[in-house]
Number of protein chains: 2
Amino acid sequence: MTSDSRLSWKDVRDRIHEQILTGRYGPGDRLPRDADIAEDLSCARSTVQRAMQDLSDSGLVERRRKGGTRVRAEPVTRATLDIPITRREVEQRGARYDYQLISRRTAPAPRGVLAAFGLSRSRPMLRVEALHLSDGRPYIFEDRWICPETSPEVRDLDFTGQSANEWLVLNKPYTRLDLRFYAISANPRQADLLDTEPGAALLVIERTTWVDEAPITTVKAITTPGYQLLTGT
Amino acid sequence: MTSDSRLSWKDVRDRIHEQILTGRYGPGDRLPRDADIAEDLSCARSTVQRAMQDLSDSGLVERRRKGGTRVRAEPVTRATLDIPITRREVEQRGARYDYQLISRRTAPAPRGVLAAFGLSRSRPMLRVEALHLSDGRPYIFEDRWICPETSPEVRDLDFTGQSANEWLVLNKPYTRLDLRFYAISANPRQADLLDTEPGAALLVIERTTWVDEAPITTVKAITTPGYQLLTGT
DNA sequence: AACGTTAATATGTATGTACATATTTTGTCA
DNA sequence: TGACAAAATATGTACATACATATTAACGTT
C-alpha cells in the first residue's frame, strides 16, 4: 500500500485473514506471536500489531496479554451501523424533506422511559412528538423524551423549525449510546399519523443517550411500513 | 493509562472529545494539526494520531490528508452490532437451545435472492429452512439460501444435527457482509411455525455474505414477536 | 479570468527501541 | 497437595524519525 517493496499493515492483515479463510488457522487456534510473524514477513512488530488490532476490532481474532492471539472460537457477525440525521437520510434519497411538530409538553417520565435510562425515581421530562416526511408523505414518527436537567436549553426551544432529532445530534454529543430494534403492530393513532392501517408491521429504532451517566434523551423512531435499515453503504 | 506522567492516547482522545462536548470545537470546525496538539500536550505526534484515529473511527471527527481534522458537520449515530450464533444467543440467556430442520432442497434461486447477491442470471442453490428454539418454544425461523458453487461441502451436509447458521459461521468466514432489518406481518405459515398469530409484527434480520465477490449465503432470520436486537452489551 | 503545473502541507505509514501491563507459568514453602 | 509469591512472556503503549500520499494552495501561462 505504501510502496511496492515495504509491507503495509493492511497487507499483513489481509495475509493473516486469508490464512484464517483457507483454514490454516481454525476457530480457537492460536496464532504465532507478533514478533515471529514480523520476522517471518520481515517487517516491524508494530506493523503486525496494527494489523492485529484491526483483525481484533473486526471480531475475527481475540488477543490477550501473554495469552497471545487466537482465532475467535465463537465467531460473531459484527457490523457497523450509521444512522444519519433523518433530514439527511431523506434528502440523500433525493426526496424533499418536511418536518412537522405534533406535540411538545412536560410530563412525568413514564416507567418505560425511566427504565431506558436506568433511573429509579420519576421526574419531569420534556416529551416531543414529531413527524418526518419524505416528499410530503409520512416517513418516521418520533416519540422523544428529553431530560431537561442535562439539557436546560431545551426549555427555550420550541422545535417547530428544527427537529429535536437534528438539534440534539448537532448540539448534544453523547458518551454512551444504547440502540435497540424491534417490530410493533401499528396502533390506531400510529397508523393515522403514518398514513397506514392499524396492525401494520412497523420497525422501531429506539435510541437512548447519556453524557457521563447523565441521561440526555430517549427516542422511539417509528418507521413507515417497508422501511429498511441497512449496514455499510 | 500507561504511567502517571506520560499521556496515553486515550487521555488525548478524551481530552479532545471533551473539547468537542463543551463546544470548544463545534460541527464543521477545524482542529489544530496533530503536530501542534502534540506539542501543546507535550507528547509524540503518533500518540495524537492514535487518538484521532479512534475519534475518526467512532464517527465524531473527519480527517483528510492536507485537509486536516474537523468535527463532523453532519454527525451520524454510529454503533457496532454483534450478532452471535443463535445457539449461543439462546444459551447465554440461560435457556435450553433446540434446533429443528424443516426443509433442505435444491431449487433455482428466486429473484429476491439473486438481487441480494447482486447476481443477474439464475442458478440452482440450496435452500435450508430451520427453526431455532429457546426452552422448547420457537425463537427464530431461518430461511436460508446457500450457493453450492462457493461452498461445495454443503452437498454432503444434511444440517439435521448442526444448524446451517452454526456451520457457516464456523467454517465460512466472509469478506463482505450486508445486513438489513425490517418488520413484516406474519403470514399464516410463519405464524404457525413461530407459534403466534397471523398478522403479528415480526423483526426480520437479513444477512448476506460473500468471499471476494463470490456469494456464500443469504438468510432471513424471522424472529418471534417481542424480539429485540441490541447494541453494545 | 481560466487552466494546468508545481510547490506546500497535514495526515498516513513503517521502523526500532524502551517500557508498561496483564496473564500465565513456575517455583517455593507450609 | 495447595496456596501464594516470583519470574517469564506476549501484547500494549510511547517516542523519535523518516518517508509516503493525498489534497489544497500558489503560480505562471495562455
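Remember, it's a predicted structure, so these values are computed and weren't measured experimentally. In the text below, chain A, chain B and the rest are named by the order of the sequence lines, each starting its count at 1.
Of all the residues in residues 53-71 of chain B, B:R63, B:R64, B:R65, B:K66, B:G68, B:T69 reach under 4.0 Å from DNA chain C with at least one non-hydrogen atom. Using a 4.0 Å cut-off on heavy atoms, the residues of residues 27-49 of chain B that approach DNA chain C are B:R30, B:R33, B:D34, B:R45, B:Q49, listed by number.
Counting to the nearest Å, the P atom of C:dG12 and the CE atom of B:M52 are 10 Å from each other. We find that CZ of B:R13 is positioned 15 Å from P of D:dG12, with the value rounded to whole Å. Remark: P of C:dG12 and NZ of A:K10 are 10 Å apart, rounded to the nearest angstrom. Between the CG atom of A:L7 and the C1' atom of D:dC19 there is a distance of 17 Å, given to the nearest Å.
Among residues two or more places apart in sequence or in another chain, the side-chain hydrogen bond (donor to acceptor under 3.5 Å, both in side chains) test is passed with B:Y97 by B:H132. Among residues two or more places apart in sequence or in another chain, the salt bridge (charged side-chain N to carboxylate O under 4.0 Å, His left out) test is passed with B:E142 by B:R144. Applying the side-chain hydrogen bond (donor to acceptor under 3.5 Å, both in side chains) rule to A:R121 yields no partners; only residues at least two apart in sequence or on another chain are considered. In this view, B:E39 satisfies the salt bridge (charged side-chain N to carboxylate O under 4.0 Å, His left out) rule with no residue, not counting sequence neighbours. With sequence neighbours left out, the side-chain hydrogen bond (donor to acceptor under 3.5 Å, both in side chains) criterion links A:E166 to A:R87. For A:R96, the salt bridge (charged side-chain N to carboxylate O under 4.0 Å, His left out) partners are A:D98, not counting sequence neighbours.
Considering CZ of B:R207 and OH of B:Y174, their distance stands at 8.5 Å, rounded to 0.5 Å.
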Return all side-chain donor-acceptor pairs below 3.5 angstrom for residues 40-57 of chain A, not counting sequence neighbours, or 'none' if the list is empty.
residue: A:Q49; atom: OE1; partner: A:R63; partner atom: NH2; Å: 3.4
residue: A:D54; atom: OD2; partner: A:R13; partner atom: NH1; Å: 2.9

